[in-house]
Every structure is written in structure tokens, then in C-alpha cells.
Amino acid sequence: MKLDDISSSGPHICVLASRKVKGQRKYCLSGHPTLPCNVLKFKSTTIMLDCGLDMTSTLNFLPLPLVQSPRLSNLPGWSLKDGNAFLDKELKECSGHVFVDSVPEFCLPETELIDLSTVDVILISNYHCMMALPYITEHTGFTGTVYATEPTVQIGRLLMEELVNFIERVPKAQSASLWKNKDIQRLLPSPLKDAVEVSTWRRCYTMQEVNSALSKIQLVGYSQKIELFGAVQVTPLSSGYALGSSNWIIQSHYEKVSYVSGSSLLTTHPQPMDQASLKNSDVLILTGLTQIPTANPDGMVGEFCSNLALTVRNGGNVLVPCYPSGVIYDLLECLYQYIDSAGLSNIPFYFISPVANSSLEFSQIFAEWLCHNKQSKVYLPEPPFPHAELIQTNKLKHYPSIHGDFSNDFRQPCVVFTGHPSLRFGDVVHFMELWGKSSLNTVIFTEPDFSYLEALAPYQPLAMKCIYCPIDTRLNFIQVSKLLKEVQPLHVVCPEQYTQPPPAQSHRMDLMIECQPPAMSYRRAEVLALPFKRRYEKIEIMPEQCDPVMAQRLGGWRCWCCPVLNCLPAVGFFHPSWTSHKSTGQFSLHS
């Protein structure tokens, strides 16, 4: 019998205890700390925390060009040294690297560690952390509910729609699977031989699956309390990172878990982070920290603007691989303030994405999810983001693709914002092929999710300049240290990567989480027992369910009729109709 199986009416019983609670576990389904997917078993409920999709696997594949590329289509096949040529249809050699010649595939969260059909709810923290949702809701037997804020859902839909569009509009007939055989993979050159969990890699979902997954989402607002089966209450809080991004409080009557994922203390366009509500947590699960802890976002923005201006002044074009939402809003705002002073007022800016128009519109209508400064503009009335004025003055133009109107309006030199940041699909592939041979042009990487050197590998040799200005506004380790001192959780749980310095900077002890007691770490496919210590438990029980016959003994008790009470490690029982003999530790029941 479970506690939540007992009738919800009747008198309350509080049990005082001091043993660790068994069964409160966290399952790690993703090895990527900024694209998390965890499952929490808490108070008879099973809660999935985010379902991020690791897209770095796509770097092992050849780009999908929108226009036929003789260079890519005539690459030589790669074979094993023993002369066996059966892999040359699947693997191609390019500039000293070996790539899979197939539709790009994505690394899914673990599906074998826990039966995902038992998941009751999924809590989404931001739109980047929901990209694996269709794989979970449509292929695992999941029948629960997904909770997310409205901007998270709407912008997440745009990201999924763009991804599906990029993949489907360049169909590839061949499918590559032979190279995934473990005995073959270990014979392949790096990085293919080092790729992990290749058996779990899958092709992109369809729009039908996207729509079905999104139909299972229930919209929530900040500080809204959601009851789960009368056992647990969950509450989203502003995380300050993106439009509608959330941290989550998960609590029972006497235990509290804080889930902090993708948070920011910087003043950008979203509402500021709610820190106060994180206090008094038994366990704080911390993930989604900055991927570039040594880079200052303000400094990176300044470097972005100066390199952009230098290139166009010299007659070159600038390519900015980006997502259709997020940092692009801040970059456009900075350029709005920078254009005239830098003498760029005659340079056209192009934003190319299947969802460009929707993204720019959504950023203007979600006013209640913006910071106070941008909210106040709505009531003037003024658009909260200045890119509305850039569009009105024709300084910024947006198009669904390079075909159609863009072909007629296109003029150079110019600045192009387009996807995908991996450089493996989307309109960005066309511009890399078009501009890569000229040293006048520049590609500026602002998204930190992909290694820019690996992204550029299939385009080498490259004449165009490459600038790395990663802009990541998420918490760094200094900010995390300050946050933990303020909210003072009893225990911190975080990915293994955060408990040790980065491999390339092993001397930087400041680039890791330090707290007392030391943080509990986890890795992909690992199960972690959470260190809850039960103090009180609230039970609601009908009087007739508990026969008033108690066996009394010194220092404890045993109830002959109720197995629920017997399973609790109690040292004391309190009820309005009972009297306590404190001197002996015995309890009596008034009948």
C-alpha cells in the first residue's frame, strides 16, 4: 500500500522520524550537462526533468547542401586498411577527416535505464531543453502530462519546425548503419571511433510527431502551484535565461527539491531570476551552467560588433550561424545601437529561417515574460525590441529561405543570420560554400553548443576568416558559488563535469563547484540515491481504517492493522485523540 493510496479524508497523523528515506532516486539519461534529461522518483511520483537533445552527434555527418555541391558529391569513399571496401558507400573522406554520408542523426536520452512509460509528468525548463520531447512522448508509451510556460512551448515549436524543415527539404536516399557495428566502429579514425551511444542515434522526427508531442503540454505561469496526485507540488520560477525559461520547485509537505537549469543573473531581455524561492531546499539539482566559463558575454558582444564592422568596411560579407531565437534578439539590439556610429547604416542585414517571421513576432508579443524595462515600453506604446524599427526601415529583412524573394533582394556586402549553428544543415551550408573561398568574408560563431573547429572541418581548406565569439549568459562558477551561499541547500547534486576542472584547464580549480558538503555528482546512465532525511510525514487516514488496537512497547510501537504505519521508521506518533507518555516513550489511544 502506498501513502497516496489512502483516502484523502479523515484525521491527520504526523510521524516524527530520523532515518534516510529510501526510494528517492535520480536517473541521469543525458551526458550533456547543458542539454539535461533526468528522472526523479519522489514521493511515489516519477518526474522527468527536461528532455534535451544532444545534436553534437551531427558533427560526424557531411553537410546537407541546398544547392548541388560538386565538391561534396565527389568526395572519395573511405575504406578499412585491409582493403575491404564495404564502408566506402557510407563514409567519405574530406580534408583529412572521415564523415558519415547520410542524413544527420541525433543522440537521444537513455531509454533503457528506466521504463519511460512510468513517467507521470515532464517538467520543461526552457525551449532548448525540450528538443527530444517527440522521441519521449511518441515512442516510449508515455501517457502523462508535460508542463511548460507558453513562450517555452511556442519558441520550442519554432525550433523543432525549423529543424524538421532543414532535414526534410534535402532528402538523402542512402542510410548508413554498418559503421555503427561495435567491431567496426573501434577500427574507424577519430572522432567516429570515440562517438558514444551510436546505437541510440536516430533520425529527426516529423512535424506530425512534433504536433502530437506539443498537444500533451499544459501551460503554466511563474509561481503557479501544480498538485501531482496529492503527494507532490511543483512550481515554475523565472530563471532569467530566456523567454519563459524556468527553474522548478518540487516539494512534499516536509521535503523540498529545487531544480536549477539554464539560469542567468545578467540583465538581458527575460524576467530576472527568482532566487529567494530556492531557499531551504533539502536537495538542489544544478545543471545547465555556462559552457564558456572564462568568456565574458559583454566582451564577446563587443568583439562580435567590431569584427562585423571591420569585415563589411573592407567589402566583405559576414555570416552568423544561429538559432532563430534567443541570443539573436540581443545581437540585433546591440547592432541597432551600433549601426550608425560604426557607419553601417547602408549595410543590409538578412535573417533567413523557415520560422524567422514567427520568431520576430513572438519576441514582441510575450511582453509579460520580459524584464521590467522592456515591459514598460509596451505601455508607451513602443515595441520592446528595437528590431521592429530595423524591419520598418528595411535595415533588417527576413526570409524563409534563400529561394524566392531573397534571390531578388540580395545585395553585397551584407550580414546574414541563419541556421543551423552545427553547419550541417540549413541555409548556412549554402553561404559557407558561397563565401568560403574569399578572405574578405567572415563567419562569426556566437552559439556555444558546437565546437567551431569541428563544425568547420568538412569545409576545409577555408579562405574566409573565422571568429569565435561565444555568447553564453548562463551562470558561471563564481555566480553559482554566490548563489549557493545565499540559498544554502542541504545538498547539491550536479553533473560530474562540474565537480572537476575542465580537462584543458586542469589547474583552474575555480572552474568547478565547491560547496559543503561536497556536491554529489552523476553521469549518463547512472542512478543516484538522493540524501533525504525524513523528519515528518503527513498521512491522511480514515478512522475505520485503523483498528484501535495497539501493541505497546518501550521506545516504540507497532500497529497490528495498518501496514502503511508499520513501514514508517517512526520514533513518535502524534494525534489529537492520543496521549503521549513521554517518560516511557509509550503511546496510548483513547477509544
Side-chain angles (χ1 to χ4, degrees), residues 32 35 53-80 87-107 163 166-167 170 172 174 176 179-180 184-198 201 204 291-292 318-323 416 418-439 441-470 503-504:
H32 199 306
L35 296 169
L53 182 64
D54 187 352
M55 297 191 191
T56 57
S57 58
T58 61
L59 296 175
N60 295 287
F61 293 78
L62 282 176
L64 298 179
L66 284 173
V67 179
Q68 180 69 19
S69 169
R71 184 184 71 87
L72 292 174
S73 58
N74 293 320
L75 291 173
W78 184 90
S79 301
L80 294 170
L87 284 175
D88 63 353
K89 300 295 184 184
E90 294 189 358
L91 304 179
K92 301 294 181 180
E93 192 168 355
C94 179
S95 304
H97 295 78
V98 177
F99 297 93
V100 182
D101 186 16
S102 172
V103 176
E105 297 179 344
F106 307 103
C107 182
L163 183 63
F166 282 164
I167 299 293
V170 188
K172 238 181 172 157
Q174 69 267 32
W179 73 274
K180 293 183 180 182
I184 294 175
Q185 187 191 356
R186 62 184 177 85
L187 301 175
L188 302 180
S190 295
L192 282 177
K193 76 173 182 180
D194 304 317
V196 297
E197 307 293 341
V198 295
W201 292 10
C204 187
Q291 300 181 77
I292 317 292
V318 177
L319 177 62
V320 186
C322 64
Y323 295 111
V416 172
T418 191
H420 187 265
S422 66
L423 305 191
R424 292 302 181 267
F425 39 82
D427 300 270
V428 71
V429 175
H430 174 74
F431 288 101
M432 287 297 299
E433 292 284 314
L434 180 67
W435 291 343
K437 299 178 179 63
S438 172
S439 59
N441 303 320
T442 301
V443 54
I444 305 180
F445 294 89
T446 60
E447 300 289 355
D449 291 349
F450 301 90
S451 162
Y452 78 101
L453 293 176
E454 290 184 41
L456 290 170
Y459 299 96
Q460 301 292 356
L462 203 63
M464 73 189 304
K465 292 184 286 293
C466 304
I467 307 295
Y468 187 50
C469 299

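Both backbone and side-chain heavy atoms feed into the values below; hydrogens, waters and symmetry mates do not.
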Using every non-hydrogen atom in the two residues, find where [X] and [Y] come nearest and quote the distance to one decimal.
X    : Y    : value
P189 : V98  : CG-CG2, 3.6 Å
S451 : L59  : N-CD1, 4.5 Å
I292 : P470 : CG1-CB, 3.7 Å
L87  : I184 : CD1-CG2, 3.7 Å
V170 : P65  : CG1-O, 3.5 Å
K92  : D101 : CE-OD2, 3.5 Å

Working to the nearest 0.5 Å, report the span between [atom1] of [X] and [atom2] of [Y].
X    : Y    : atom1 : atom2 : result
S79  : K89  : OG    : NZ    : 10.0 Å
L91  : W179 : CG    : CH2   : 8.0 Å
L456 : F450 : CG    : CZ    : 13.0 Å
I444 : Y468 : CD1   : OH    : 14.0 Å
M464 : L434 : CE    : CG    : 9.0 Å
H430 : L319 : NE2   : CG    : 10.5 Å

Is the shortest heavy-atom distance from the side chain of [X] to the side chain of [Y] under 4.5 Å?
X    : Y    : answer
P321 : M432 : no
M55  : H32  : no
L72  : F99  : no
P421 : F445 : no

[X] side chain to [Y] main-chain N or O, any donor-acceptor pair under 3.5 Å?
X    : Y    : answer
E447 : H420 : no
N441 : W435 : yes
R424 : A455 : yes
Y452 : C466 : no
Q185 : L192 : yes

Original post:
Can you list the residues that meet the side-chain hydrogen bond (donor to acceptor under 3.5 Å, both in side chains) rule with K180, with sequence neighbours excluded?
Top reply: E105
Original post:
Does T442 have any side-chain hydrogen bond (donor to acceptor under 3.5 Å, both in side chains) partners at least two apart in sequence or in another chain, and if so, which?
Top reply: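 Scan of T442 (side-chain hydrogen bond (donor to acceptor under 3.5 Å, both in side chains), adjacent residues dropped) gives T311.
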Original post:
For F166, which of V429, L64, D427 qualifies under side-chain contact (heavy atoms from CB on, under 4.5 Å)?
Top reply: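 Only match with F166 under side-chain contact (heavy atoms from CB on, under 4.5 Å): D427.
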Subject >> Pair L188-W78, side-chain contact (heavy atoms from CB on, under 4.5 Å): steps then yes or no >> reply: CA-CA 10 Å; L188 302 180; W78 184 90; 3.5 Å; yes
Original post:
Which residue pairs pass the side-chain hydrogen bond (donor to acceptor under 3.5 Å, both in side chains) test with at least one member in residues 53-69, sequence neighbours excluded?
Top reply: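 Every pair satisfying side-chain hydrogen bond (donor to acceptor under 3.5 Å, both in side chains) with a residue in residues 53-69: D54-T56, Q68-S73, S69-E433.
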**OP:** Please work out whether the ring planes of W201 and F61 are parallel, tilted or perpendicular, with thresholds of 30° and 60°.
**Re:** tilted
**OP:** Walk me through it: do K193 and S190 pass the test side-chain contact (heavy atoms from CB on, under 4.5 Å)?
**Re:** CA-CA 5 Å; K193 76 173 182 180; S190 295; 3.4 Å; yes
Original post:
For Y459 and R71, what are the C-alpha separation, side-chain angles and deciding distance, and is it a side-chain contact (heavy atoms from CB on, under 4.5 Å)?
Top reply: CA-CA 10 Å; Y459 299 96; R71 184 184 71 87; 3.9 Å; yes
